[in-house]
Structures are given as C-alpha cells and as structure tokens.
Q: 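Could you have a look at this structure, given as structure tokens, before my questions?
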Amino acid sequence: MKFERKLCTASVLAAAWYATPALAVTQITDVNVDTVNKIIYVDGTDLILQGYTPYVVLEGTQLVINRGASSNTHVQAAIPNTLPLSAGVAYQLYASPDRLPNTASNGYGAPTDQAYATVYVGTGATGATGATGATGAAGATGAGATGPTGPTGPTGATGASGVTGATGAGVTGATGSAGATGATGPTGPTGATGVTGATGPTGSTGATGVTGATGATGATGATGAGLPGATGPTGPTGATGGTGATGAGVTGATGATGATGATGSGSSYGTGASPSGGIPLSIGSHTGAATWNSPITSAQQAALDYEAVAYALNSCTPSMTVVNHTNTTQTFSLVAVSASGASLTAQSVIMSTASCPDGNSCSVTAGSPVSAGTLMTLTCGSTTTGATCGGSTTVGFNAFFSCD
C-alpha cells in the first residue's frame with residue numbers, strides 16, 4: 001500500500017494523503033476552506049457511494065455534509081462556529097464514504113475507503129481603503145407647482161350642553177331705620193317800608209376819558225380739513241422671469257487605491273531551503289506485516305533502513321497518537337536509531353504508548369527533547385528488538401506524529 005502527498009491552492013495550504021486503487025479507493029486531491037462563510041470544499045474520488053452514509057471529520061468534529069451540492073468527487077460541508085479556524089494552525093481532515101474513524105468498514109475494508117489530510121489556513125492582511133473623492137456641487141432645486149388643497153372634511157356633531165349649575169342663595173341684609181325730622185323754626189316779623197328820598201340835582205358833564213389801548217389780535221382760525229383723493233387702480237403684474245441655468249458641479253476625483261496588504265507569514269517550520277523548528281504533524285498508515293515503520297510516512301521495512309526512519313534536523317520533543325487496528329492489544333514504541341554508513345542500529349526507546357487496546361487511539365509525549373540529528377523509527381513492543389504489529393497485511397495502524 002502506498003500513500004502520496006498533494007498540495008491544495010495557495011489560499012488554503014493543505015497536505016492530502018490518498019491510497020492507490022484497490023476496492024473502493026477514497027482519495028483527497030484538493031481542499032479549500034471559506035473562512036468567512038465557514039464552508040470546506042473537498043475534492044477527490046469515492047467520497048460518496050450510493051447506498052452508504054458518507055462522513056467528513058475536521059479536527060475530531062463530524063461536519064454536516066450538503067448532499068445537494070456534493071458528489072462522488074466533490075463534498076461540500078459546513079464548519080460549525082464551535083470550531084474556530086486560525087491562520088498557520090494545522091487541522092486534521094478525515095473523509096470516508098461509509099464510516100467514522102476507528103470504526104469497522106461497511107463493505108470496503110481498511111484503509112482504502114478512508115483518507116486523511118492536514119489543512120493549514122492562512123491569509124494576508126487587507127489593504128487600506130482609498131480616500132473618498134470630493135462631493136460635487138448640488139444642482140439647483142426644481143420649482144414644481146403646489147398641488148390644490150384637498151376638500152375640507154365635514155364638521156363633527158356638536159356635543160351636548162352640560163347641565164347648568166345651581167344658583168347660589170344669598171340672604172338680603174335688613175334695611176336700616178330712618179332718622180327723625182328736625183323741628184321747623186318760627187318765621188320772623190316783616191320790617192316796615194322806608195320813605196322815598198328827594199331826587200338830587202343833575203351833575204356836570206365830565207371830561208372825555210383817555211383812549212383805551214388797542215385790543216390784542218384775535219387767535220388764528222382753524223385750518224380747513226380737505227378730504228384725501230381716492231387711491232388709483234393697481235398696475236398689472238410683471239411677467240415671470242426665466243428659470244436660471246442649472247449649476248454644473250464637477251465630479252470629485254476617484255480616491256487613490258489602498259496599499260496592498262502584507263503577505264501572510266509562512267510556516268513556523270521554515271522552508272525547504274531554510275528549515276527551522278522540528279517536524280510538523282505527519283500521518284502514516286501501516287500494515288502489521290513489517291517490524292520497522294516510518295513515523296512520518298507510510299513506509300515500512302522488515303529490516304531497518306533509511307526508508308523507515310525520520311530525521312530531527314533540530315532539537316525537538318516528539319509526540320504521537322496511534323490508532324490500533326491490529327485485532328489485539330499492542331505497545332507502540334518510538335526508538336532512537338544510530339547510523340554507521342548504510343548500517344542502522346536500534347539504540348534506545350524514546351517513548352511508548354504502553355498497552356493500547358484494539359480499536360482505540362493512544363497518545364504519548366516524550367519526557368525530554370531529542371538532540372538535533374536524531375534518527376527515529378516506530379515499532380511494536382517495549383524494547384529495541386522490535387516486532388511486527390499483528391503480523392499480517394490485513395491488519396495495521398495509523399500514526400499521527402510531530403516533533404516540536
């Protein structure tokens with residue numbers, strides 16, 4: 001059985017492993033992730049088979065498949081909000097047309113009806129928004145005639161008059177008593193008429209008196225009040241002036257395009273030309289027929305050689321999860337290997353899963369880092385002697401390995 005690696009598009013870095021044709025050959029050839037709408041698109045072969053229930057699992061969470069948008073070679077599934085996605089983080093993807101991980105096949109046999117992939121999500125920063133252009137001057141307001149006034153609604157009925165309040169009862173005060181009339185005094189007696197005296201002689205004419213002064217000028221008579229003339233008729237209304245020309249506002253210039261966002265950062269393990277860190281998460285599938293198994297690929301050998309080992313370029317701490325399909329309880333051990341030219345020798349056990357029951361996944365992390373340049377291989381048993389893991393090509397195990 002041979003497994004190969006393919007790369008997805010630049011927007012979503014994904015490493016996919018798929019099996020060469022056997023019975024039903026499930027392959028993952030391309031993976032794309034829409035992080036905005038939370039949708040994953042998986043391309044491959046034998047992803048959905050008629051009469052069976054397909055499964056897609058991302059980071060241990062079973063996804064809901066959109067069957068209407070999926071086919072044998074394409075699956076579209078929703079990513080739940082409870083599973084956040086972060087740039088530069090590795091996520092494990094599993095696909096099968098008829099079963100979940102670590103469960104028995106419904107008719108196609110392990111492991112050709114299941115496929116695994118490691119998905120990295122990355123994105124660059126968004127460029128700055130360009131400046132908004134200036135707003136053009138507003139055009140003149142059009143003069144529309146006012147519509148006629150609508151008819152007046154009917155007058156509402158007059159409300160009933162309120163009841164007249166009672167008249168207050170005030171008591172009239174008593175009339176005061178009349179004062180007494182005083183007594184009339186007695187009339188006095190009439191006096192006697194006196195005797196007429198003798199007429200005296202005429203006196204001489206007196207001298208002419210001095211001319212009196214001129215009398216003061218009389219006051220000016222009041223000014224006559226004339227009635228105002230009647231108001232002349234109103235002149236005719238002048239003709240309405242022509243409508244002014246519409247103002248021509250210049251459209252503002254388009255804002256400059258924002259700068260391109262910086263390119264997203266690369267893997268924390270560096271590049272092929274300049275590697276750094278340890279070994280990223282790798283997935284290998286092995287049968288139980290060989291003694292020595294590569295931790296990072298599906299290569300396995302009966303005699304220990306370079307195809308069955310992994311090389312730590314830098315000091316790092318190994319960890320692994322093994323899914324047991326050997327039909328028996330096994331101890332899976334990571335063994336340090338020494339090299340002398342083409343000759344390899346198992347030196348010491350770095351870590352073991354202890355007793356891992358069939359059908360279970362068992363995890364272990366080394367207690368201390370390995371040195372830079374350490375060679376490592378995977379075998380069954382708890383010693384450096386090594387042993388096959390089930391002794392047959394019909395059984396086997398999956399290994400998830402990294403060194404950080």
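The chain is numbered in sequence order, starting from 1.
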Q: Donor-acceptor check, side chain of Ser70 to backbone of Gln76, threshold 3.5 angstrom: yes or no?
A: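 Yes: the side chain of Ser70 pairs with the backbone of Gln76.
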Q: Short question: side chain of Thr53, backbone of Asp98 - any donor-acceptor pair under 3.5 Å?
A: no
Q: Main chain of Cys356, side chain of Thr353: is a donor-acceptor contact present, judged purely on distance under 3.5 Å?
A: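 Looks like no, no N/O pair under 3.5 Å.
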Q: Nearest heavy-atom pair of Gly386 and Thr379: which atoms, and what distance?
A: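 Nearest pair, atom of Gly386 first, then Thr379: CA-OG1, 3.3 Å.
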Q: Going by atom types only, do Thr26 and Gln114 share a side-chain donor-acceptor pair under 3.5 Å?
A: no
Q: Check for a donor-acceptor pair, side chain of Asn66 on one end and backbone N or O of Gly68 on the other, with a separation under 3.5 Å.
A: yes
Q: Hey, do the aromatic rings of Phe332 and Phe397 have their centres closer than 6.0 Å?
A: yes
Q: Any heavy-atom pair between the side chains of Leu93 and Val57 that's under 4.5 Å?
A: no
Q: Work out which heavy atom in Gln330 is nearest to a heavy atom in Cys380; give both atom names and the distance.
A: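 Nearest pair, atom of Gln330 first, then Cys380: OE1-SG, 3.8 Å.
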Q: Taking the side chain as every heavy atom from C-beta outward, state whether Leu334 and Val349 have any pair of such atoms under 4.5 Å apart.
A: no
Q: Quick one: do the Glu307 and Ser294 side chains pair a donor with an acceptor below 3.5 Å?
A: no
Q: Could you tell me the separation between the CG atom of Asn293 and the OG atom of Ser285, rounded to the nearest 0.5 Å?
A: 11.0 Å
Q: Measuring from atom OG of Ser368 to atom CE of Met351, what distance do you get when rounded to the nearest 0.5 angstrom?
A: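 Nearest 0.5 Å value for the OG-CE distance: 11.0 Å.
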Q: In the structure I gave you, are the side-chain heavy atoms of Tyr120 and Pro280 within less than 4.5 Å of one another anywhere?
A: yes
Q: With a 4.5 Å heavy-atom cut-off, do Val33 and Leu85 have their side chains touching?
A: yes
Q: Suppose we screen for side-chain contact (heavy atoms from CB on, under 4.5 Å). Which residues come up paired with Ala339, at least two apart in sequence or across chains?
A: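 Partners of Ala339 by the side-chain contact (heavy atoms from CB on, under 4.5 Å) criterion, ordered by chain and then number, come out as Tyr306, Leu344, Leu375.
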Q: Strictly distance-based, threshold 3.5 Å: is any side-chain N or O of Thr29 a donor or acceptor partner for the main-chain N or O of Asp43?
A: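 Between the backbone of Asp43 and the side chain of Thr29 there is a qualifying donor-acceptor contact (under 3.5 Å).
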Q: With distance as the sole test, does Ser361 use its side chain to make a donor-acceptor pair with the main-chain N or O of Val322 at under 3.5 Å?
A: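 It does not hold such a pair.
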Q: Check Ser352 against Thr331 and note the closest heavy-atom contact, atom names and distance.
A: CB-CG2, 4.0 Å
Q: Answer yes or no: is there a side-chain heavy-atom contact under 4.5 Å between Thr317 and Val370?
A: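 Contact flag for Thr317/Val370 side chains = no.
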Q: Are Asp358 and Thr328 close enough that a side-chain donor and a side-chain acceptor fall under 3.5 Å?
A: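 On atom types as modelled, these side chains do not qualify, holding no pair under 3.5 Å.
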Q: Would you check if the side chain of Thr297 reaches a backbone N or O of Ala299 as a donor-acceptor pair within less than 3.5 Å?
A: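 Side chain of Thr297 to backbone of Ala299: a pair is present.
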Q: At what distance, to the nearest 0.5 angstrom, does OG1 of Thr377 lie from CD1 of Ile350?
A: 10.0 Å
Q: Any side-chain heavy atom of Ser402 within less than 4.5 Å of one from Met320?
A: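 With C-beta onward as the side chain, the pair stays apart.
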Q: Does any part of the side chain of Met376, heavy atoms only, come nearer than 4.5 Å to the side chain of Pro318, both counted from C-beta?
A: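 Sidechains of Met376 and Pro318: in contact.
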Q: To the closest 0.5 Å, what do you measure between OG1 (Thr118) and CZ (Phe400)?
A: 8.5 Å
Q: Hey, could you give me the OG/CG distance between Ser392 and Asn327, rounded to the nearest 0.5 Å?
A: 9.0 Å
Q: Check step by step if side-chain contact (heavy atoms from CB on, under 4.5 Å) holds for Asn360 and Asn324.
A: CA-CA 6 Å; Asn360 285 26; Asn324 185 1; 5.7 Å; no
Q: Applying side-chain hydrogen bond (donor to acceptor under 3.5 Å, both in side chains), run through Thr365 and Ser319 and close with a yes or a no.
A: CA-CA 4 Å; Thr365 299; Ser319 64; 4.5 Å; no
Q: Where do Cys316 and Gly278 come nearest, in terms of heavy atoms and distance?
A: CB-CA, 4.0 Å
Q: Side chains of Gln347 and Thr384: do they bring a donor and an acceptor to under 3.5 Å?
A: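 Result is no, nothing qualifies.
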Q: Quick check against the 3.5 Å criterion: does Asp34 have a side-chain atom that pairs as donor or acceptor with the backbone of Ile39?
A: no
Q: Apply side-chain contact (heavy atoms from CB on, under 4.5 Å) to the pair Gln62 and Val56, showing each step before the final yes or no.
A: CA-CA 6 Å; Gln62 183 177 344; Val56 173; over 6 Å; no
Q: Please step through side-chain contact (heavy atoms from CB on, under 4.5 Å) for the pair Ile40 and Asn32, ending with a clear verdict.
A: CA-CA 6 Å; Ile40 189 167; Asn32 285 276; over 6 Å; no
Q: Apply the test side-chain contact (heavy atoms from CB on, under 4.5 Å) to residues Ser96 and Tyr116: give CA-CA distance (whole Å), side-chain angles for both, the deciding distance (0.1 Å), then the verdict.
A: CA-CA 9 Å; Ser96 173; Tyr116 296 87; over 6 Å; no
Q: How close do Ala69 and His74 get, heavy atom to heavy atom, and via which atoms?
A: O-CD2, 3.4 Å
Q: With rounding to the nearest 0.5 angstrom, report the OG1 to CH2 distance, Thr388 to Trp292.
A: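 The CH2 atom of Trp292 is 11.5 Å from OG1 of Thr388, to the nearest 0.5 Å.
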Q: Under the 3.5 angstrom rule, does the side chain of Tyr94 hit a backbone N or O of Tyr55 as a donor-acceptor pair?
A: no
Q: I need the minimum non-hydrogen distance between Asp404 and Ile279, along with the two atoms involved.
A: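 Scanning both residues completely, I find the closest heavy atoms to be OD1-O, 4.3 Å.
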Q: Less than 4.5 Å apart, side chain to side chain, heavy atoms only: is that true for Val395 and Thr287?
A: no
